Amino acid sequence: MIRSIQTLLVPIPTIREHKLACTVMREQLMVLVHIQTNDGYEGWGEATTIGGLSYAEESPHSIKTNIDTYFTPLLIKERPTSTAQAMHLLNKNINGNRFAKCAIETALLDIEGKRLGVPISELLGGRVRDQLEVAWTLASGNTDTDIIEAKQVIEAKRHRIFKLKIGSRSIAKDVEHVIAIKQALPDCRITVDLNQAWTELDAMKGIKLLQDGGVDLIEQPISMRNPAGLKRLKQHFDVAIMADEIVQDPQNAFYLAANHCADVFAVKINQAGGLKNACLIGQMAHLAGIELYGGTMLEGPIGTAASAHVFSTYPSINFDTELFGPLLLTDDILTKPLDYNNFGLTVPTGPGLGIEVNADKVYDYAERNLSRASANKNNLKINMNA
Ligand code: MUC
Ligand code: MG
């Protein structure tokens, strides 16, 4: 039975500015969920988003507030005895809030796995692979810096596939940047992610140039509200078109799969509303003949481990993953870091998530975040009284 649910806002700076069409990140603010049970188990979950409300309709603060205000009282009152029952209860009583639901489900599955002595992958149907290839995102905003960074991570045998974030500059400037990088790294698979920045007309122009320049994969070029447009782009071009923001819960993924709106689905556990939903979306895509890509919401190590368990169960994952989130952060919150080696991530094998969270460190970070928030409040008071 659940005894307590703590939610913590944990800010960790990024190793450099991370520039997307929708925001520039200098830190990742993780929402960590720490659940303890009456019989002495504890589980950890994580929700992240990108740049407050820039990427999605849930922010770290809304996730924390909604868990504290609505999820926790319901779970404590109703006392569900399994993860499945808990998620059923939440889905029946709480609309939306997919990111928050993902964090809770992760922590509950961590506990369930620990109780049964099996990794989460085995609770999700069973892993078919132990290692996932991991792409790196080049997003410094500068072409030469990106090329140097790419060469360094290839040399270190960390990554050999790359994603470029574009969409904040003109089409001509973005294409020039991408082609320069593709030419510097001719043997590497290159994805470009627009984060919905282009209109359909822009996309017709831009994708033609990118395709001619040898780019391998085009991610969410246009608005997530335009599935028909995405399908038109898929039909028009040979280069693979990947759906990201538009792939949300299983119901909407079913529509996209049934209508073949994209060649590839980027699946993210937060966006899907949890690990089981992400498995379901993967299975649907597979059945519809759509390729899979293991996406990230730039999670820290908890969300990354959870995602790795999910992606390890996919029947095929031909476009690999981008589970590099922890490597973008300046500090780790695990007692032993996730195992990145030979261009990939090893899926943890221990019970539950198979990781050990440094609880003291996490609570310290959360404390510092609280003092930061109250310092801001005090400044507000000073300004009001000035
Ligand atoms: C996204 O849109 O895919 C993934 C990698 C990265 O740099 O940003 C995320 C979000
Ligand atoms: Mg994306």
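As the structure is a prediction and not an experimental result, all values here were calculated from the model. We count ligands from 1, going down the list as the structure has it; atoms in each ligand are counted the same way.
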Does R160 come within less than 4.0 Å of E133, counting only side-chain N to carboxylate O? yes
Is R98 salt-bridged to E57, going by a charged N under 4.0 Å from an acidic O? yes
Which ligand 1 atoms does [X] reach within 4.0 Å, using its non-hydrogen atoms?
{"X": "D244", "answer": "1 (C), 2 (O), 3 (O)"}
{"X": "I50", "answer": "9 (C), 10 (C)"}
{"X": "T137", "answer": "5 (C), 6 (C), 7 (O)"}

Should the proximity of F324 to ligand 1, defined as any heavy atom under 4.0 Å, be assigned to the side chain, the backbone, both, or neither? side chain
May I ask you to identify, for K19, whether its side chain, its backbone, both or neither come under 4.0 Å of ligand 1 on a heavy-atom basis? neither
Describe, in one word, how the ring planes of H34 and W44 are oriented to each other, choosing from parallel (under 30°), tilted (30 to 60°) and perpendicular (over 60°). parallel
Let me confirm one number: the CG-OH distance from L29 to Y365, rounded to the nearest 0.5 Å. 12.5 Å
Between CG on residue D130 and CG on residue L345, distance to nearest 0.5 Å: 11.0 Å
Positive for salt bridge (Lys or Arg N to Asp or Glu O under 4.0 Å) with E200, one of K231, R225, K205, R232: R232
Protein heavy-atom partner closest to [atom] - residue, atom, separation in Å:
{"atom": "atom 7 (O) of ligand 1", "answer": "H18 NE2, 2.7 Å"}
{"atom": "atom 3 (O) of ligand 1", "answer": "K163 NZ, 2.8 Å"}
{"atom": "atom 2 (O) of ligand 1", "answer": "N195 ND2, 2.7 Å"}

Using a plain distance cutoff, I'd like to know if E245 has any nitrogen or oxygen under 3.5 Å from a nitrogen or oxygen of ligand 1. no
Polar proximity ligand 1 side, T296 side, N/O cut 3.5 Å exclusive: no
Looking only at non-hydrogen atoms, find the nearest pair between [X] and [Y] and report the distance.
{"X": "A107", "Y": "G45", "answer": "CB-N, 3.6 Å"}
{"X": "T48", "Y": "M297", "answer": "OG1-O, 2.9 Å"}
{"X": "S307", "Y": "L323", "answer": "CB-CD2, 3.6 Å"}

Nearest non-hydrogen contact to atom 6 (C) of ligand 1 from the set E322, Q271, Q220, K165 belongs to K165
Any N/O/S atom, backbone or side chain, of E219 lying under 2.8 Å from the Mg ion (ligand 2)? yes
Report the name of the N/O/S atom of D244 located nearest to the Mg ion (ligand 2). OD2
From the N, O or S atoms in D193, identify the one nearest to the Mg ion (ligand 2). OD2
Check contact between K268 and ligand 1, using heavy atoms of the residue and a distance below 4.0 angstrom. yes
How far apart are the C-alpha atoms of N341 and T346, what are their side-chain angles, what is the distance that settles it, and do they pass the side-chain hydrogen bond (donor to acceptor under 3.5 Å, both in side chains) test? CA-CA 8 Å; N341 66 78; T346 304; 3.2 Å; yes
